Amino acid sequence: MAEHAQPVSPDPKWLLHGDLPCLGCQYNLRGLVGPVVQCPECGHTNDLRDPSAWRTKALPTGLLVREHWPASAALASLVVMIVLPFVIIALGEWGLGALAVMAIFGAAVVWWLRSCVRWLRSCQNKAWGWGVLMGTHLAMWGILLGAIVPMGVMFAWPWALVGLALPVAFAAFFWLRAVIRKADEMGRFRADWRQWRLPTGAEGKISDL
């Protein structure tokens, strides 16, 4: 069905300074001026004066989801390494058990790669993005090391000192989360969408929905 929106003159205060998906095709409308924006990709008319339609839409970088990608990748790496010994054993066997182990391992590898790629793309492969990804992996492995190794050796000296890795790893993990949030605030992702505001200079709050 064709849309019949009344012509509206562009207003500089409706400049989209952040990412916003077209409601018709998810094309990124960043840089266009509203209040009524016609998508250059599909022609869909996006009326920024009624931002309620975007309330259930995720940004291309996926605000809340994006912040979990580094942790998701690190968790997947743990699953990969835990399942790997069973994969090696299963290589010499046949049966449903071996196939199940292979399937779990393959799914974990895909999960890990998918999370890593999504995060790095959202950061445009910048150095800080790589640092956060590698740091989160180290923090996650530090948490595992600090929690399991001392327990496994009954806190025997000097292995008990490995327990010190636990608070350090947790501190590093939360510090990296703070780095991500700071980056999102600078990019107007978190600040706009926490309050349900469109990334424009105009007020587009949806607090009553």
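Index from 1, following the sequence. Because the structure is predicted, anything quoted here is derived from the model rather than measured.
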A.B. asks: Regarding W112 and H137, is there a side-chain donor-to-acceptor distance under 3.5 Å anywhere?
C.D. replies: yes
A.B. asks: Nearest 0.5 Å, what's the OG1-CH2 distance between T136 and W175?
C.D. replies: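 So the gap between those two atoms works out to 10.0 Å.
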A.B. asks: Does anything in residues 82-92 form a side-chain hydrogen bond (donor to acceptor under 3.5 Å, both in side chains)? List the pairs, not counting sequence neighbours.
C.D. replies: none
A.B. asks: Any chain of hydrophobic side-chain contacts (each under 4.5 Å) joining L84 to I82?
C.D. replies: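 As far as the 4.5 Å side-chain criterion goes, I82 and L84 are not connected within one cluster.
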A.B. asks: Give the minimum heavy-atom separation between C22 and C42, together with the two atoms involved.
C.D. replies: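 So the minimum-distance heavy-atom pair works out to SG-SG, 3.7 Å.
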A.B. asks: For the atom pair CG (L138) and CG (L145), what is the distance rounded to the nearest 0.5 Å?
C.D. replies: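 So the gap between those two atoms works out to 11.5 Å.
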A.B. asks: Can you sort out the partners of L78 under side chain to side chain contact (heavy atoms under 4.5 Å, CB included), two or more places apart, ordered by chain and number?
C.D. replies: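 Partners of L78 by the side chain to side chain contact (heavy atoms under 4.5 Å, CB included) criterion, ordered by chain and then number, come out as L75, M140, W141, L144.
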A.B. asks: Give a yes or no on this: more than 12 heavy atoms of other residues, nucleotides or ligands lie within 6.0 Å of atom CZ of F86.
C.D. replies: no
A.B. asks: Mind checking what makes side chain to side chain donor-acceptor pair (under 3.5 Å) contact with D11, not counting sequence neighbours?
C.D. replies: none
A.B. asks: Among W130, W69, W128, find the one that has a ring pair (Phe, Tyr, Trp, His ring centres under 6.0 Å) with W119.
C.D. replies: W128
A.B. asks: Which distance, rounded to the nearest 0.5 Å, do you find between the CG of N28 and the CG of L16?
C.D. replies: 8.5 Å
A.B. asks: Is there a path of hydrophobic side-chain contacts, each under 4.5 Å between heavy atoms of I, L, V, M, F, W or Y residues, that connects M102 with I89?
C.D. replies: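 Different hydrophobic clusters.
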A.B. asks: I need the R118 CZ to H68 NE2 distance, nearest 0.5 Å.
C.D. replies: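 Going from the CZ atom of R118 to the NE2 atom of H68 covers 14.0 Å.
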A.B. asks: Does the side chain of R49 come within less than 4.5 Å of W14's, by heavy atoms?
C.D. replies: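 Answer yes - side chains close enough.
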A.B. asks: So, using side chain to side chain contact (heavy atoms under 4.5 Å, CB included) as the criterion, who are the partners of A108 when residues are at least two apart?
C.D. replies: V79, V80
A.B. asks: So which of L20, V36, L32 actually passes side-chain contact (heavy atoms from CB on, under 4.5 Å) with L48?
C.D. replies: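 For L48, the side-chain contact (heavy atoms from CB on, under 4.5 Å) check succeeds only for L20.
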A.B. asks: When you group the ILVMFWY residues by side-chain heavy-atom contacts below 4.5 Å and let the links chain together, are V168 and L176 in the same group?
C.D. replies: no
A.B. asks: Sequence neighbours left out, what passes side chain to side chain contact (heavy atoms under 4.5 Å, CB included) with F170? Give chain and number order.
C.D. replies: I143, L166, F174
A.B. asks: Side-chain heavy atoms nearer than 4.5 Å, only ILVMFWY residues, links allowed to pass through others: does that put L133 and V117 together?
C.D. replies: no
A.B. asks: Tracing side-chain links under 4.5 Å among I, L, V, M, F, W and Y, which residues wind up in one group with L15?
C.D. replies: V33
A.B. asks: Could you go step by step and tell me if N46 and Q38 meet the side chain to side chain contact (heavy atoms under 4.5 Å, CB included) rule?
C.D. replies: CA-CA 6 Å; N46 299 271; Q38 185 172 17; over 6 Å; no
A.B. asks: Side chains of Y27 and P21: does their closest heavy-atom pair fall under 4.5 Å?
C.D. replies: no
A.B. asks: Please report the closest heavy-atom contact between G142 and A169, naming both atoms and the distance.
C.D. replies: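 That closest heavy-atom pairing would be C-CB, 3.6 Å.
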